[in-house]
J.: 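Could you have a look at this structure, given as structure tokens, before my questions?
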Protein chains: 2
Amino acid sequence: MKTIEIEEDLYLYIASQTKHIGESASDILRRLLEVDGQELQQAQAENVVVSNEEANVEQELVVEAVNTDSLAQTDVADIDPLNYFNFSEISEAGSSTKRFLSLLSGLYAIDGERFAKACVLKGSKREYFSQDKDLLLASGKTSKPQAIPNSPYWVITNTNTARKRHILQHVASEMGLQEFQIERLCEAV
Amino acid sequence: MKTIEIEEDLYLYIASQTKHIGESASDILRRLLEVDGQELQQAQAENVVVSNEEANVEQELVVEAVNTDSLAQTDVADIDPLNYFNFSEISEAGSSTKRFLSLLSGLYAIDGERFAKACVLKGSKREYFSQDKDLLLASGKTSKPQAIPNSPYWVITNTNTARKRHILQHVASEMGLQEFQIERLCEAV
DNA sequence: GAGCGGATCGAGGGGATGCTTC
DNA sequence: ACGAAGCATCCCCTCGATCCGC
């Protein structure tokens, strides 16, 4: 647990978003920040009631969404994300762990913020990513965390190659890369 | 200034959203939550895309809004109980057991008291619900009780999916949900 | 905590299926 | 005897981290 200081009005706002008693600040913030971006469609069409407040908030969120994707468009759709990877150099690295780290480094280079949202990923016990080496260390016995080059992040490293691919594939997919691009990355591990 | 406690990974996530040095937690959260009110209205009408995320947050806000101003008039019965469930999040859970637990958690959130009355349910030998894990353990060989999140209750978990649906359907029905709502919940298991 | 990489095996959880009971 | 309802065995799959090879 970490402690942060926030201004009173913000505090009250967050408290007002409590959905059920016993909910922790973390729970509420996680919900509000919705740090995952995923599929979209599905039958959510049934929403009918619309209050003033919602209308506003909804607009805000739309703005958010649009911003986010327009970033995505300029940064990623126009520029081929694969350009961020020097595959021949990567393939020369002596181990899959090294290649894994380089590839993650490339993903971070594409967009640090999208990476931050995408690397929220854990196993049944271990934390996989963190900016804090010790946090990873604390979540498992011998996870062998290593720093991702040119980024503030660390990853777990003590996994078989298949799992390294899964991790990579998850992050890339969460960041919105195309299927064939993800495939290319996973092959390169 | 107020102090709140949050989980480490969330802390790191928030920190990672820093835009410029010297930015306070409040600044970052305000930006992420978009709560400074203000502008926004304007011709946003043309927005078409609606992500799950928004839809969900919108639903949560509906609950909030209605609760707040309905203190006077109706109460929970009139609000769509389905608003208590974040279906997209639930559907992402990896197992039907997880989904089952989330769904029960939602039912509890709707009304702890009605839940308490509704969860009086047992099999021929096993106790299904209890606030006491050991009581469940004692009533069967390997019932695998698990805690229902954000509630004081435990449920039996070692059942096939069909039975999970039956249990859910029974509780929801006992709590007075409508047929179509119950159906929606059972499908989500 | 310091050698590093990572395949291999073991632990643990999920839940369908088959057995038991009424 | 037959069927329905319910229990929990047992298989499968996921994930962790030990341990061997370099």
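A note on names: the letters A, B, ... follow the listed sequences, proteins ahead of strands, and every chain is numbered from 1.
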J.: Are B/Leu29 and A/Leu29 packed together at the side-chain level, in the sense that at least one heavy-atom pair is separated by less than 4.5 angstrom?
T.: yes
J.: Say we look at D/dA17 and C/dG1: how far apart would their C1' atoms be, to the nearest angstrom?
T.: 15 Å
J.: Should A/Thr97 be listed as having a side-chain N or O under 4.0 Å from OP1 or OP2 of C/dG6?
T.: yes
J.: Please report, rounded to the nearest Å, how far the C1' atom of C/dG5 is from the CZ atom of A/Arg163.
T.: 17 Å
J.: With heavy-atom distances below 4.5 Å as the criterion, would you say the side chains of A/Leu82 and A/Leu185 are in contact?
T.: yes
J.: Tell me if a side-chain donor or acceptor on A/Gln181 pairs with a main-chain N or O of A/Gln178 at a distance below 3.5 Å.
T.: yes
J.: Rounded off to whole Å, could you give me the CD1-to-P distance for the A/Ile156 and C/dG5 pair?
T.: 14 Å
J.: What pairs with B/Ser124 under side-chain hydrogen bond (donor to acceptor under 3.5 Å, both in side chains), at least two apart in sequence or on another chain?
T.: none
J.: Are any non-hydrogen side-chain atoms of A/Lys144 and A/Ile156 less than 4.5 angstrom apart?
T.: no
J.: Treating B/Ser143 as the side-chain partner and B/Gly140 as the backbone partner, does any N or O pair qualify as donor plus acceptor under 3.5 Å?
T.: no
J.: Do A/Pro145 and A/Leu137 touch side chain to side chain, with heavy atoms closer than 4.5 Å?
T.: yes
J.: Is the number of heavy atoms from other residues, nucleotides or ligands within 6.0 Å of NE2 (B/His166) greater than 12?
T.: no
J.: Identify, with sequence neighbours excluded, every residue that meets side-chain hydrogen bond (donor to acceptor under 3.5 Å, both in side chains) alongside A/Asn150.
T.: none
J.: How far, in whole Å, is C/dG18 from D/dA1 if one measures between their P atoms?
T.: 23 Å
J.: Using the test side-chain hydrogen bond (donor to acceptor under 3.5 Å, both in side chains), find all partners of A/Glu187 that sit at least two apart in sequence or belong to another chain.
T.: none
J.: Chain A on DNA chain D: first and last contacting nucleotide, 5' to 3', under 4.0 Å to a heavy atom?
T.: D/dC15 to D/dC19
J.: Within residues 116-129 of chain B, find the residues that approach DNA chain C with a heavy atom at under 4.0 Å, and present them sorted by residue number.
T.: none
J.: Any salt bridge (Lys or Arg N to Asp or Glu O under 4.0 Å) involving residues 122-136 of chain A? Give me the pairs, sequence neighbours left out, ordered by first then second residue.
T.: A/Lys122-A/Glu127
J.: Hey, can you pull the donor-acceptor pairs under 3.5 Å for the side chains in residues 98-108 of chain A, sequence neighbours left out?
T.:
residue, atom, partner, partner atom, Å
A/Arg99, NH1, A/Ala93, O, 3.0
A/Ser102, OG, A/Lys98, O, 3.1
A/Ser105, OG, A/Pro149, O, 2.8

J.: Do the numbers put B/Arg184 on top of the ring of B/Phe87, so that NZ or CZ is under 6.0 Å from the six-membered ring centre and no more than 45° off the axis?
T.: yes
J.: Could you work out the separation of C/dC19 and D/dC2 based on their C1' atoms and round it to a whole Å?
T.: 16 Å
J.: Who passes ring pair (Phe, Tyr, Trp, His ring centres under 6.0 Å) against A/Tyr128, sequence neighbours left out?
T.: none
J.: Within a strict 4.5 Å, meaning less than it, do heavy atoms of the A/Trp154 and A/Ser130 side chains meet?
T.: no
J.: Which ones in residues 132-154 of chain A lie close to DNA chain D, meaning a heavy atom under 4.0 Å from one of its atoms?
T.: A/Gly140, A/Lys141, A/Thr142, A/Lys144
J.: Using the side-chain hydrogen bond (donor to acceptor under 3.5 Å, both in side chains) criterion, which residues pair with A/Tyr153? Sequence neighbours excluded.
T.: A/Gln131
J.: I need the NZ-C1' distance between A/Lys164 and C/dC4, as an integer number of Å.
T.: 11 Å
J.: For the helix from C/dG3-D/dC22 to C/dC22-D/dG3, figure out the bend between the end axes, five pairs an end, and round to 10 degrees.
T.: 30°
J.: Taking only N/O atoms, report every protein-nucleotides 16-20 of chain C pair under 3.5 Å with atom names and distance.
T.:
residue, atom, partner, partner atom, Å
C/dA16, OP1, B/Thr161, OG1, 3.1
C/dA16, OP2, B/Thr161, N, 2.8
C/dA16, OP2, B/Thr161, OG1, 3.0
C/dT17, O4, B/Asn160, ND2, 3.3

